[in-house]
Student: 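Have a look at this one.
The first residue in the sequence is number 1, and the count goes up from there.
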Amino acid sequence: MENIKMGEEWSILAPEEIGSQDFFTDLLEDLYQRFLEVKEGENATYIPELAKADPDLFGISIMTTEGRIYSIGDTSELFTIQSISKPLVYGMVLEELGEEYVINKIGVEPTGEPFNDIMEPREIQERKYNPMVNAGAIITTSLIKGDTLEEKQEKLFNMFSRYLGRNVNLKESIFWSRKTGDSWNRAIAYMMLNFGLIEGNVEEILDLYFQQCSILVNCQDLALIAAILANKGLNPITGQRTINENYTKNLLSVMFTSGLYDFSGQWAYRVGLPAKSGLSGSIIGVIPNKMGIAVFSPPLGTQNKSVRGVKIFEEISQRFKLHIFKPDYSNNPLNKKKKVISSLFKKQDYLPSFLQHLYDKYLPLQEGKIYVSEPDLVEHDPNCFSICIVTVDGTVYTVGESEKPFLIQSISKVFAYGMALEDHGRDYILTKVEVEPTGDSYNSIIKVEENSKRPYNCMVNTGAIAMTSLIKGKSPAHKLNRLLKMYQRYVGHPVYVDTSAVVSEQNQGDRNWAISYLLRNFGMISGDIKQTLDLYLQQCSAIINCRDLAVMAATLANQGINPITDQSAINPEYVKDLLSVMFTCGMYDFAGEWCYKVGFPAKSGVGGGILGVVPGVMGIGVFSPPLDKRGNSIRGIKVCEELSQQFQLHIFQPLN
């Protein structure tokens, strides 16, 4: 087979000849030669020993879930595992202590900050950290059971041995470098101790943490680790169960949202695979049910990621359509699961009866507060509750008051983002609004990226206002008309704006004015701020119902085609962009836990709606006005959690 030229699109998951030895040999040769000439980046200096590594070392390894290994370059060269140890140790404590206990100790929210960020006391108290950053990883290590340090060490090393299929060793110089000179992580550990989150002797825990990061591995070892996670926790070489398959989805979820720290949003957007990076210059990526990929190259870029590694994964994902939300679902490794779910829905009365069960179960729930912009503007009924599912073949299932009108509110951000993408293209939009999770509330006023001043993402108000300013139109009325026509393509009927709601929000909108002036100060919006804010409030004040919400979600699930009208609502090329940002950012400072527990793209609004998308299968709409402290519908979250669990809708849930 000839080397594949850059830009050609194949599917690594479809034709039988792709998967042959010749294919992988040619692929790796092509990638190696293409990126060998990349000389960007510098070795990590955070740990002095890492700076001594040869910057010309470079290797790529692929291992399939059948145990076939393909490698090129310096794939036998030993280096320290560093932060790639974090998901493995996290899996170990999940097995020992259970998900409920661990999640009460270690949050799963993306931080939007570097791996070694010193956190504010409020952020620590609210568990605004995850097991992939150092603060969460040190807590994870502290949870390893054992009466003595030696017993914990033995348990830790045995776990690594199960992954690697051999005994493991430390690089003593790295370990001692960290033990004697890593005051930064020592400060993090003592801060966590101060808040009662560390269990045991801090110095022993730090020893254990430094040891887990100092395990010696090579590129082929890392490909094996990734293949084990792709293979539902089963080692494809030894056949040994390495981790309970029920916990693999937890690891993959956190790797997807947080595995590359403050680059995780960009990675999810561009590459779209669960991954983890390490300061030695390594990156592992997981293609569920298919294979694991590892790249080793010590020079790191500005966000402490292997420069060659990032470029190679971006190339592989784009060339072979590996992004988990790529519109070509026929070649997605999750396709078999989608067929099983779809066939289950076709069983007579099964889904309607389950929806009725959920409705009856959660209707009596009386928690939460209803959002009001102005007292007495609208009479809200806390008992108003509806659930609607629309499949990609156009079948509609509803229970409750599915025709009850409400305001779309922040769910509009998804669709305005799609409109701006179509108006300007992906590359331009990324210069204006980032795709990083913030870890903050929806109306946060301060989350502006430090270097470029770009808003972190378009799902929070800061980014959404910047995005609205990019919608094209000859006049304010023309822009609004374009927005309403866009909504109409998604729902299948004309959509109108609640004028009284717009006026009310205008009178109560000081925070949004502050955000807008901040954006203009940084040159991220221009022109008449009032016109931009008016359009933003109008897009949020569109009137829809729960059935509309489910049809909109089903349109995204159906590659941008409305399954009821068969009309195209958005260019399919941009559907994956919307789903990616929804998955990592759509539920604000609950987005990480949503991905962890529910596991499909979603967006909430303070009007009480939640929109969920199961790609290639269906759209979900839930409406219930009472909200939790984060601004998400309480009943909506519980319904989606149960739907996900009952039908195994989590993107990374192994199919049973």
Student: Does any part of the side chain of L234, heavy atoms only, come nearer than 4.5 Å to the side chain of E245, both counted from C-beta?
Tutor: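 With C-beta onward as the side chain, the pair stays apart.
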
Student: Looking at F58, is R308 sitting on its ring face, NZ or CZ under 6.0 Å from the six-membered ring centre and within 45 degrees of the normal?
Tutor: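 Verdict for F58: a cation-pi partner in R308.
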
Student: Kindly indicate whether the side chain of Q303, heavy atoms from C-beta on, has any atom under 4.5 Å from the side chain of L260.
Tutor: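 They are not in side-chain contact.
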
Student: Would you say the side chain of L300 lies within less than 4.5 Å of the side chain of N43, judging by non-hydrogen atoms?
Tutor: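 N43 vs L300: side chains apart.
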
Student: Kindly give the heavy-atom pair with the smallest separation between V168 and L164, and that separation in Å.
Tutor: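 What the structure gives for the nearest pair is CG1-CD1, 3.5 Å.
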
Student: If we ignore angles and hydrogens, is there a donor and acceptor under 3.5 Å between the side chains of T80 and S280?
Tutor: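 On atom types as modelled, these side chains qualify, holding a pair under 3.5 Å.
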
Student: What closest approach, in Å, do S317 and V271 show between heavy atoms, and which atom pair accounts for it?
Tutor: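 Result for this residue pair: OG-O, 2.6 Å.
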
Student: Just so I know, are the side chains of P288 and L229 near enough to count as touching, which here means a heavy-atom distance under 4.5 Å?
Tutor: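 Heavy-atom side-chain distance check fails, nothing below 4.5 Å.
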
Student: Just by distance, no angles: are the side chains of Y588 and K603 close enough, under 3.5 Å, to form a donor-acceptor pair?
Tutor: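 Short answer, yes.
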
Student: Check step by step if salt bridge (charged side-chain N to carboxylate O under 4.0 Å, His left out) holds for D577 and R270.
Tutor: CA-CA 9 Å; D577 301 63; R270 296 177 183 274; over 6 Å; no

Student: Mind checking what makes ring-ring contact (aromatic ring centres under 6.0 Å, His included) contact with Y417, not counting sequence neighbours?
Tutor: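 Residues passing ring-ring contact (aromatic ring centres under 6.0 Å, His included) with Y417: none at all.
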
Student: Report the C-alpha distance between K311 and E40 in whole Å, list the side-chain angles of each, state the deciding distance to 0.1 Å, and finish with yes or no for side chain to side chain contact (heavy atoms under 4.5 Å, CB included).
Tutor: CA-CA 11 Å; K311 290 180 181 292; E40 303 166 32; 3.8 Å; yes

Student: To check you understand the geometry: which heavy-atom pair defines the closest contact between T248 and K232, and what is its length?
Tutor: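 Smallest heavy-atom distance, with atoms named: CG2-C, 3.5 Å.
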
Student: Classify the side-chain pair N134/K86 by whether it contains a donor and acceptor separated by less than 3.5 Å.
Tutor: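 Side chains of N134 and K86: pair found under 3.5 Å.
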
Student: Are any non-hydrogen side-chain atoms of L556 and V414 less than 4.5 angstrom apart?
Tutor: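 L556 vs V414: side chains touch.
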
Student: Mind checking whether T64 and K290 have side chains closer than 4.5 Å, heavy atoms only?
Tutor: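 No. Closest side-chain heavy atoms not under 4.5 Å.
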
Student: Regarding R68 and Y70, do their side chains bring together a donor and an acceptor under 3.5 Å, going by distance alone?
Tutor: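 Yes, a side-chain donor-acceptor pair sits under 3.5 Å.
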
Student: Would you check, one step at a time, whether the test side chain to side chain donor-acceptor pair (under 3.5 Å) holds for E434 with Q266?
Tutor: CA-CA 8 Å; E434 271 285 3; Q266 283 280 353; 2.7 Å; yes

Student: Between N235 and Y163, is the side chain to side chain donor-acceptor pair (under 3.5 Å) condition met? List the steps.
Tutor: CA-CA 7 Å; N235 188 315; Y163 274 99; over 6 Å; no

Student: What closest approach, in Å, do R162 and T242 show between heavy atoms, and which atom pair accounts for it?
Tutor: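 What the structure gives for the nearest pair is O-OG1, 3.6 Å.
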
Student: With a 4.5 Å heavy-atom cut-off, do L57 and F79 have their side chains touching?
Tutor: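 No, their side chains stay 4.5 Å or more apart.
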
Student: Does S253 have any side chain to side chain donor-acceptor pair (under 3.5 Å) partners at least two apart in sequence or in another chain, and if so, which?
Tutor: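 S253 satisfies side chain to side chain donor-acceptor pair (under 3.5 Å) with H650 once adjacent residues are dropped.
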
Student: Would M159 and L156 satisfy side chain to side chain contact (heavy atoms under 4.5 Å, CB included), going step by step from the backbone distance to the final call?
Tutor: CA-CA 5 Å; M159 180 272 291; L156 181 71; 4.1 Å; yes

Student: Judged by modelled atom types alone, do Y261 and S83 share a side-chain donor-acceptor pair under 3.5 Å?
Tutor: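 Present: a donor and an acceptor within the cut-off.
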
Student: First locate atom CD1 of I205, then atom CD1 of I144, and finally report the distance between them rounded to the nearest 0.5 Å.
Tutor: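 Output value for this atom pair is 9.5 Å.
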
Student: Does atom NZ (K171) have a neighbourhood of more than 12 heavy atoms from anything else shown, all under 6.0 Å?
Tutor: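 No.
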
Student: Does a salt bridge link E49 with R178, judged by any charged N lying under 4.0 Å from a carboxylate O?
Tutor: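 No, no charged N to carboxylate O under 4.0 Å.
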
Student: Mind checking whether I324 and I651 have side chains closer than 4.5 Å, heavy atoms only?
Tutor: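 Heavy-atom side-chain distance check passes, below 4.5 Å.
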
Student: Could you check whether any side-chain N or O of T75 sits under 3.5 Å from a backbone N or O of S71, counting only pairs where one atom can act as donor and the other as acceptor?
Tutor: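 The answer is no, because no donor-acceptor pair under 3.5 Å joins these two groups.
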
Student: Using a 6.0 Å cut-off, check whether atom CD of E42 has over 12 heavy atoms from anything other than its own residue.
Tutor: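 Not buried by this count: 12 neighbours or fewer within 6.0 Å.
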
Student: Will you find, in the side chains of Q211 and Q153, an N or O donor that is under 3.5 Å from an N or O acceptor?
Tutor: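 Distance-only check passes for Q211 and Q153.
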
Student: Given the rule in the side chain to side chain contact (heavy atoms under 4.5 Å, CB included) test, do T584 and V435 qualify, once you have shown the distances and angles that lead to the verdict?
Tutor: CA-CA 9 Å; T584 56; V435 289; over 6 Å; no

Student: Rounded to the nearest 0.5 Å, what separates atom CG in L143 from atom CG in L94?
Tutor: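 Reported to 0.5 Å precision, the distance equals 9.5 Å.
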
Student: Work out which heavy atom in I69 is nearest to a heavy atom in A223; give both atom names and the distance.
Tutor: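 For I69 versus A223, the nearest heavy atoms are CD1-CB, 4.3 Å.
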
Student: Taking it one step at a time, do Q33 and E29 satisfy side chain to side chain donor-acceptor pair (under 3.5 Å)?
Tutor: CA-CA 6 Å; Q33 293 301 329; E29 178 68 28; 3.0 Å; yes

Student: Would you call the rings of F583 and F256 parallel, tilted or perpendicular, taking 30° and 60° as the class edges?
Tutor: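 Correct class here is perpendicular.
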
Student: Measuring from H323:NE2 to I287:CD1, what's the distance to the nearest 0.5 Å?
Tutor: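 Answer rounded to 0.5 Å: 13.0 Å.
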
Student: Take K432 and H424, measure what side chain to side chain contact (heavy atoms under 4.5 Å, CB included) needs, and give me the verdict at the end.
Tutor: CA-CA 11 Å; K432 295 294 184 180; H424 297 278; over 6 Å; no

Student: Look only at the side chain of N218 and the backbone of D221, and say whether a donor-acceptor pair between them is shorter than 3.5 Å.
Tutor: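 Yes.
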
Student: Within the 3.5 Å criterion, strictly below it, is a donor on S264 or E436 matched to an acceptor on the partner's side chain?
Tutor: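 The criterion, which ignores hydrogens and geometry beyond distance, is not satisfied for E436 and S264.
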
Student: Between S85 and Q82 (side chain of the first, backbone of the second, donor and acceptor by atom type, cut-off under 3.5 Å), is there such a pair?
Tutor: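 A pair under 3.5 Å: yes.
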
Student: Measure across L88 and I84 and return the closest heavy-atom pair with its distance rounded to 0.1 Å.
Tutor: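 The pair with the smallest heavy-atom distance is CG-O, 3.8 Å.
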
Student: What's the separation between atom NZ in K39 and atom CG in D56, rounded to the nearest 0.5 Å?
Tutor: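 These two atoms lie 4.5 Å from each other.
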
Student: Validate the cation-pi geometry between K326 and F320: distance from NZ or CZ to the six-membered ring centre under 6.0 Å, angle to the ring axis within 45°.
Tutor: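 Checked: cation-pi criterion not met.
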
Student: Would you kindly say whether Q220 and S61 are connected by a side-chain donor-acceptor distance under 3.5 Å?
Tutor: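 Note: Q220 and S61 side chains miss the donor-acceptor criterion.
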
Student: Nearest 0.5 Å, what's the NZ-OG distance between K179 and S177?
Tutor: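 Separation between the atoms: 12.5 Å.
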
Student: Could you measure the distance from the CD1 atom of I283 to the OG atom of S306? Nearest 0.5 Å is fine.
Tutor: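 Interatomic distance, I283 CD1 to S306 OG, rounded to 0.5 Å: 5.0 Å.
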
Student: Is E95 reaching over with its side chain to a backbone N or O of N244, donor-acceptor style, under 3.5 angstrom?
Tutor: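 Confirmed, E95 side chain pairs with N244 backbone.
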
Student: Taking the six-membered ring for Trp, are F313 and W267 ring centroids under 6.0 Å apart?
Tutor: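 Between W267 and F313, which both carry aromatic rings, the centre distance is below 6.0 Å.
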
Student: Applying ring-ring contact (aromatic ring centres under 6.0 Å, His included), name anything that partners Y209, two or more places apart in sequence or on another chain.
Tutor: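 By the ring-ring contact (aromatic ring centres under 6.0 Å, His included) rule, Y209 matches no residue at all.
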
